[in-house]
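Chain letters run A, B, ... following the sequence lines, proteins first, then strands; residues in each count from 1.
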2 protein chains.
Amino acid sequence: LKSAGWAPAPPLTVNGWRAARSLWLLLLVSLSVCISVCRATSSREEDSAMENIVTEKKAEESHRQDSADLLIFIMLLTLTILTIWLFKHRRFRFLHETGLAMIYGLIVGVILRYGIHVPRDISNITMSCHVNASPATLLVNISGKFYEYTLKGEISANEVNDVQDNEMLRKVTFDPEVFFNILLPPIIFHAGYSLKRRHFFRNMGSILAYAFLGTVISCFIIGLLMYGCVMLMKQVGQLGGDFFFTDCLFFGAIVSATDPVTVLAIFNELQVDVDLYALLFGESVLNDAVAVVLSSSIVAYQPEGDNSHTFEVMAMLKSFGIFLGVFSGSFALGVATGVVTALISSYNFTKLRDFQLLETALFFLMSWSTFLLAEACGFTGVVAVLFCGITQAHYTFNNLSPESQDRTKQLFELLNFLAENFIFSYMGLTLFTFQNHVFNPMFIIGAFIAVFLGRAANIYPLSFLLNLGRRNKIRSNFQHMMMFAGLRGAMTFALSIRDTATYARQMMFSTTLLVVFFTVWICGGGTTQMLSCQRIRVGVDSDQDNSGSERRSTKQESAWLFRIWYNFDHNYLKPILTHSGPPLTATLPPCCGPLARFLTSPQAYENECQLKDDDSDLILTDGDINLTYGDITVSTDATGAHTSGGPAFAGAATSDDLDRELAYGDHELVMRGTRLVLPMDDSEPPFPDHPNRLRM
Amino acid sequence: LKSAGWAPAPPLTVNGWRAARSLWLLLLVSLSVCISVCRATSSREEDSAMENIVTEKKAEESHRQDSADLLIFIMLLTLTILTIWLFKHRRFRFLHETGLAMIYGLIVGVILRYGIHVPRDISNITMSCHVNASPATLLVNISGKFYEYTLKGEISANEVNDVQDNEMLRKVTFDPEVFFNILLPPIIFHAGYSLKRRHFFRNMGSILAYAFLGTVISCFIIGLLMYGCVMLMKQVGQLGGDFFFTDCLFFGAIVSATDPVTVLAIFNELQVDVDLYALLFGESVLNDAVAVVLSSSIVAYQPEGDNSHTFEVMAMLKSFGIFLGVFSGSFALGVATGVVTALISSYNFTKLRDFQLLETALFFLMSWSTFLLAEACGFTGVVAVLFCGITQAHYTFNNLSPESQDRTKQLFELLNFLAENFIFSYMGLTLFTFQNHVFNPMFIIGAFIAVFLGRAANIYPLSFLLNLGRRNKIRSNFQHMMMFAGLRGAMTFALSIRDTATYARQMMFSTTLLVVFFTVWICGGGTTQMLSCQRIRVGVDSDQDNSGSERRSTKQESAWLFRIWYNFDHNYLKPILTHSGPPLTATLPPCCGPLARFLTSPQAYENECQLKDDDSDLILTDGDINLTYGDITVSTDATGAHTSGGPAFAGAATSDDLDRELAYGDHELVMRGTRLVLPMDDSEPPFPDHPNRLRM
C-alpha cells in the first residue's frame with residue numbers, strides 16, 4: 001500500500017538510482033579505508049609493543065583489533081545486502097547472494113594479502129621448553145610473574161616461521177570451530193524448520209535413497225577416483241606429502257554434501273515443479289547430515305598396530321558402528337528435544353501462549369540445547385539440530401501462538417541469512433588469506449572429474465532404480481537438473497576447514513574451495529539456462545499442480561511405509577503432541593482407556609465434535625482442495641463453517657487427507673521474506689477467524 | 001480467540017497444573033543429573049589424559065566440555081522461563097525473572113562448588129622459562145612438535161596452586177569480556193530502541209541532570225566514603241592489600257550505574273505514573289553510559305612519576321578530557337550510524353521495503369557495526385550502541401516496512417530477554433564458582449552505607465534544584481520512589497567482573513555482587529509495597545493522563561532547549577532522514593532552494609499537500625488527542641481522511657504537536673511481549689489503512 005504512490009514517478013526513481021549507486025560506491029570506498037585504517041592501527045600498535053608493556057593493555061589492543069576485523073566482515077555483509085537488493089530489484093538471476101558474498105570476500109582477501117604490508121611482529125617468542133605432553137593450559141613464569149596460556153593448536157615445523165611473519169593475515173582467520181558450532185547450526189535448523197513437508201513426505205523414499213545411498217556411493221566413488229589420482233601423482237612425483245586412502249575417502253565424504261541454496265532460490269522464484277524442488281531440497285538437507293557423520297566415522301577409522309593406514313575389517317566395522325551410532329543417536333536426540341518442546345508448549349503450558357516472548361525464548365533455547373546436548377554426549381550437534389528442526393516444524397509449530405510462529409520463523413530466517421552469507425564471504429576471503437594453501441593442478445583436475453562422476457553415480461543409477469518403483473517417474477530432464485544442481489557449499493567448507501593440519505588436508509581444503517567457487521558461480525549462475533534447456537516447467541503453483549491430473553497418480557504413489565507412519569502420526573503422535581488430530585480415546589483400543597484419557601489434552605476433548613465434522617468434511621469434499629485445509633489446529637477449524645455432518649471418522653486417513661494437511665503446513669512455512677496472504681476474496685469466507693491467525 | 005474455549009474448564013486446568021509442576025520438577029532433576037554427568041565426564045576424561053595423547057583429541061574433549069557447560073546455562077534459562085511463566089500466570093510480583101535467574105544460578109553454583117569433587121587435574125604444567133616480555137602468542141617446542149599457545153592473562157603468585165586445583169570451577173567461568181562485548185550490547189541497544197520517547201523528551205532536562213550530574217555526584221560521594229572506610233580498615237588492620245583512592249572512585253563509578261529493570265517491569269504492569277517511569281528509565285539508561293565512560297576515565301588516570309597514586313592536576317585533566325572525548329566520540333558514532341541507516345532506508349532504497357529480510361538484516365548489521373566501529377576506534381561500544389538505538393527508534397524505525405518494524409522489535413526484545421537473564425543467572429553462579437572472592441565485612445557494610453548515601457546525594461539535592469525550574473514538580477513521594485528504585489544490575493556486574501586481577505578489584509567484585517543481590521531481591525521485591533506506601537497512583541493510562549488537566553501545565557514545561565531542538569528536528573532532520581515532516585523546500589529559507597530540492601525525498605514532494613492538511617488538522621483539533629496521531633510516516637497519514645483544509649503550516653510546531661508525535665511513536669514502541677492493538681471502535685476510523693500497518 002505504501003509503495004502505491006511511487007510507481008508513477010520514473011524520473012525521481014532514476015535520481016534515486018544514481019544516489020543509490022553513489023552510496024554503494026561510498027560504502028565500497030569506506031570499506032577499503034576501514035581495512036587500511038585497521039591494518040595501520042595494527043601495525044602501529046605492534047611497533048609500540050617493543051617495550052615491556054602490561055598484559056592488560058596488550059589484551060585491550062588485541063580486542064580492538066578483533067573488533068576491527070569483525071567490522072570488516074560486517075561491512076562485507078552490508079555491502080552484499082545492498083548489492084543483493086540491487087540485483088533483486090533488477091531481477092538479475094545470474095548471481096545469487098552467496099556467489100556475490102564470495103566475490104566481495106575475494107576482493108577483500110586480495111587487498112589484505114597484497115595491499116597491506118605489516119612489519120614483522122616481534123612479540124612472538126619461540127620457547128623450547130621440553131615437556132612430555134602438551135597441556136591445555138600453560139603457566140609461564142615470566143620475570144617472576146605468572147602468565148596463563150591456553151593451547152591453540154599444533155603447528156607443523158615448516159610453518160613456524162610463517163606463523164611469525166603473517167600474524168596480520170592470521171588475525172582475520174577465525175577458529176574453524178566457529179563455523180561448525182556457531183554458523184552452521186542456524187543454517188541447518190532453518191533447513192529443517194522450513195522443509196516443505198508435504199512434498200518432502202510424498203517423495204520421502206526417493207529422498208532417503210539419494211541422501212543415504214547416494215551420498216555413500218558418491219563418497220566411495222570420489223574416494224576411489226581420488227586414490228587413483230593420488231597414486232598417479234606419486235608416480236609422477238607431484239605429491240609433496242602423505243596421502244592415504246582414508247584421506248581420499250574423507251575428501252569424498254566432505255564434497256558429497258550438496259548445498260543447492262542458489263538453485264533452490266531460483267526454483268522458488270520461478271516456481272519450478274514442486275517434486276523436483278522437494279527432491280533436491282530434501283536430498284541436500286539430509287545429505288549434509290550423512291556427510292558429517294560419514295566424515296567423522298572415516299576419521300575414527302584407526303586400525304591398531306604400527307601401520308595405521310592399512311585395511312582392517314575390525315576397524316572398518318567399528319567405523320560403520322560409529323556411523324550408525326552417531327547418526328541414530330543424533331537423530332534420537334534431535335527428535336526427543338523437539339518432542340519435549342512440543343509437550344511443553346502443548347499440554348501443561350497452554351497459557352504459555354499468552355506470553356509470546358517466553359514462548360519464543362523457550363523454543364529458541366530448547367532448539368539450541370539440542371545442539372549442545374548432542375555435542376556434550378559426543379554425537380553430532382548439526383545432525384541433531386536438523387531433526388529437531390523437522391520435529392519442531394511438524395509438532396511444536398502447531399502449538400505456538402501465531403505471534404510466536406511468526407517470531408520463530410523470522411528469527412531463524414534472519415540467522416540463516418546472516419550465517420550463510422557470512423560463511424560464503426569468508427570462503428572468498430580465505431582463498432587469499434589462508435596461509436597453507438596447497439594447489440596441485442593434477443589433484444584439482446582429478447577432484448573436479450571425481451566430483452562430477454560421483455554425482456553422476458549417485459543420481460542416474462539411483463533414479464533408474466527408484467523409477468522401477470515409482471509411478472510418478474523421475475524424468476530424465478529432472479535427473480539432469482539434479483545432476484547439475486549438485487552445488488557444494490557451507491557444509492563442505494565447514495568440514496574441510498575444520499582440520500587443516502596435514503599436507504593432505506591442506507590440499508583438500510584448497511581444492512574444496514575451488515570446487516565450491518566453480519559450482520556456486522557456474523552451476524548456480526546457469527540454473528535458469530539449464531531449466532529452459534531441459535524444458536522444465538516453471539510458474540507451477542504448488543497447490544494447483546496437485547489438484548490437476550497428476551494428483552490422482554501421486555495419490556497411489558505414497559509408499560506403504562509412509563502410509564503406516566502417517567496413520568501412526570495422525571492417530572497417536574499428533575493427538576499427544578499437539579491439539580490437532582482425533583482424541584486418543586477414539587484411536588486407542590478400548591483397553592487403553594485410562595491411559596488415553598490421561599494423555600489426551602483437554603482441548604482435544606472439547607473440540608472432539610468439530611474434529612469429527614472436519615474430518616468427515618474432508619472426505620465429502622474430496623475433489624476440492626482450495627477450501628479444505630486440514631486439521632492443523634483445532635481452534636482454526638472450529639468455526640462451524642464445515643458442519644455438513646457425517647459419520648465419525650478417526651481411525652483411518654486417506655493420503656488425500658494427509659496431502660492436504662501437509663499442504664496447509666506448507667502455507668505457514670513458506671519463508672522467502674514475503675508474507676503469504678491467503679486469498680480472502682472467495683465467494684464464501686471459509687474461515688471467519690482467519691484474519692486473526694494472520695495477526696490482526 | 002484461540003483461548004476462548006479454555007477458560008470454562010477449571011478441573012482440567014488443575015490437572016494441567018499438577019502436570020506442569022511435575023514437569024518443572026523433572027526439569028530440575030534433569031538439570032542436576034546433567035550437571036553431575038557433565039562433571040563426571042570431565043573427570044573421567046581428565047584421568048585418561050595421563051598418556052601423551054594427540055592435541056586434536058584434547059581440543060575435542062575441551063569442546064565437549066564447553067558444550068556441557070553452556071548446556072547448564074541453557075537449562076538454567078529454560079528453568080527460569082518456565083518458572084517465570086508460573087509467576088506471571090499467578091500474578092506473583094515479589095520476584096522478578098532476573099531475581100529468579102539469580103536464585104537458580106546460586107543453586108547451581110552451590111552444587112558445582114560443594115557437590116562435585118574432581119580429582120586434581122595433572123595436565124597443567126608450570127614452566128619457568130624466563131623471558132623478558134609476555135608475548136600474546138607462544139610457540140612451545142614439545143618433544144619436537146610445535147604447539148601454539150595464546151595468552152589468557154596474568155595470575156598472581158598466590159593463586160598459582162588454585163589454578164591447578166580448581167580447573168573444574170574455572171571451566172564454567174566465562175571470559176569477562178563476553179559480558180561486555182556480547183551480552184551487554186543487545187541489552188543497551190534494546191533500552192535505547194524502546195525508550196518511551198515522548199515522556200523521555202518531556203523530562204529530558206531532569207533526566208540529563210540525574211544521569212550526568214547525579215552519577216558523577218554519586219560516584220564521588222561513594223568514592224570518598226569508601227576511601228574513609230578503607231582508611232579505617234587500614235587502621236584496624238583489616239586490609240590485606242593495596243587499595244588506592246582511584247580504586248575507591250572506580251568502585252563509586254561502577255556501583256553508580258542503576259538498572260531498575262525489576263521496578264520498571266512492575267511499573268509497566270501496574271501502569272504507574274508515566275513521568276516517574278520516564279525519569280527512572282531515562283536515568284538508568286543514560287547513567288549506564290555515564291558510568292562506563294567514567295570508570296574507564298578513572299582507570300586512565302595515571303600520574304607520571306614514581307608514586308602512581310598521588311593527586312596530579314594534569315592527570316586529572318587528562319582523565320576529564322578522556323571522559324569528554326570518549327563520551328562525545330561514542331555519542332557521535334552511535335548517532336552517525338543511526339543516521340546512515342535512516343538515510344539508506346529512507347531515500348535511495350525505498351524499494352528495500354519490499355525485501356523485509358534484507359531490510360531487517362541491514363538494520364541489524366548497521367546497529368552491530370556501531371558497536372564494533374566504536375570499539376575499533378577506542379571509544380565505548382556500549383555507549384555508541386545506546387545512542388544508535390535511540391536514533392534508530394527516532395528516525396530509521398519510521399522508514400522501515402511494518403514487517404521489519406515488528407521483526408526488529410521482536411528480535412531485540414528476545415536478545416535483550418535472553419542476555420539479561422543469562423547475566424543474572426551467571427551472577428548467581430559466580431558467587432560460588434568465582435575463585436578469588438574477598439569478603440570483608442567492614443568493606444561490605446561501608447559499601448552498603450555508601451551506596452545508600454550516594455543515591456540519596458544524587459536524588460534529593462538534584463530534585464530540589466530541578467523543582468526550582470520545573471512547573472510539574474517532582475513530588476517527594478516520587479523522589480522516595482526513585483531513591484528506592486536505585487537497583488544495581490547487569491552493567492555494574494559487567495564492569496566489576498571485567499578486571500579482577502588485584503586485591504582491591506576482587507574485594508570490589510565480591511561486594512558488588514552482594515549489592516546487586518540485595519537491591520534486586522529486596523528493593524525489586526518490595527516495589528509494590530513501596531508504591532502503595534508512597535501512595536503513588538497506579539493504573540494510569542499514559543495517554544488519558546495527558547489529555548486531562550495535567551496536560552496544560554506540562555505543555556509550558558517543555559524547556560526552551562527542547563523546543564529549539566524539536567523545531568530543528570521536525571523541520572530539518574525528520575524531512576531529511578524520514579518520509580515525514582514538511583518538505584525541506586518549505587522549511588529552508590528560499591536561498592537554499594537547490595539544496596532543499598536535492599535533499600528532499602520524492603515522497604515528501606508527492607505527499608506535500610496531504611502533509612499540510614494533516615498539520616493544519618492537528619491545529620484545528622487541538623484539544624482532541626485520541627484521533628490525531630502525528631505525522632510519523634506520510635504514507636500512513638496520507639489517507640485523505642483529514643482533508644478539512646487549512647493554511648499551509650510547516651515552519652513552527654507547537655509542543656502539543658510534538659507531544660502527540662512522540663506519543664504516536666510510543667504506541668509503536670511498547671514492548672512488553674504483548675502486542676498493542678489500537679482501539680478500532682472509534683465512531684470514525686482515523687486511518688482506513690491502519691490494519692495494514694499492523695500486518696494484515
Handout entry: Min side-chain heavy-atom separation A/Glu413-B/Arg407 under 4.5 Å
Key = yes

Fill in the blank from the handout: Closest non-hydrogen atoms of B/Arg64 and A/Glu375, given as atom of the first, atom of the second and distance, are CG-O, 3.2 Å

Problem - Side chain to side chain, A/Leu71 and B/Ser369, heavy atoms closer than 4.5 Å - result: yes

Practice task
Below 4.5 Å from any heavy atom of chain B, which atoms of A/Leu77 appear? Answer side chain, backbone, both or neither.
Solution key: both

Handout entry: pair A/Leu358-B/Phe417: side-chain heavy atoms closer than 4.5 Å
Key = yes

Problem - side chain to side chain contact (heavy atoms under 4.5 Å, CB included) partners for A/Asn416, two or more places apart - result: A/Ile187, A/His190, A/Glu420

Exercise for the section: Measure B/Leu365 against the heavy atoms of chain A and call it side chain, backbone, both or neither at under 4.5 Å. Expected result: both

Fill in the blank from the handout: So CZ of B/Phe73 and CG of A/Leu372: to nearest 0.5 Å the spacing works out to 12.0 Å

Handout entry: Atom of B/Ile81, atom of A/Ala361 and distance for their closest heavy-atom approach
Key = CD1-CB, 3.6 Å

Exercise for the section: Under 4.5 Å heavy-atom distance to chain B, tell me which part of A/Asn421 shows up: side chain, backbone, both or neither. Expected result: neither

Practice task
Among B/Leu411, B/Ile84, B/Thr360, B/Ile74, single out the residue with the greatest number of heavy-atom pairs under 4.5 Å to chain A.
Solution key: B/Ile74

Problem - Atom pair CG/CG of B/Asp406 and A/Asp406 - distance to nearest 0.5 Å - result: 8.5 Å

Problem - Side chain / backbone / both / neither for A/Leu418 at chain B, heavy atoms under 4.5 Å - result: side chain

Problem - Contacting region of B/Phe364 [heavy-atom separation from chain A under 4.5 Å] - result: side chain

Problem - Gap separating the CH2 atom of A/Trp85 from the CG atom of B/Leu357, nearest 0.5 angstrom - result: 15.5 Å

Practice task
Provide the closest heavy-atom pair for A/Ser67 versus B/Ala376 in the form atom of the first, atom of the second, distance.
Solution key: CB-N, 4.0 Å

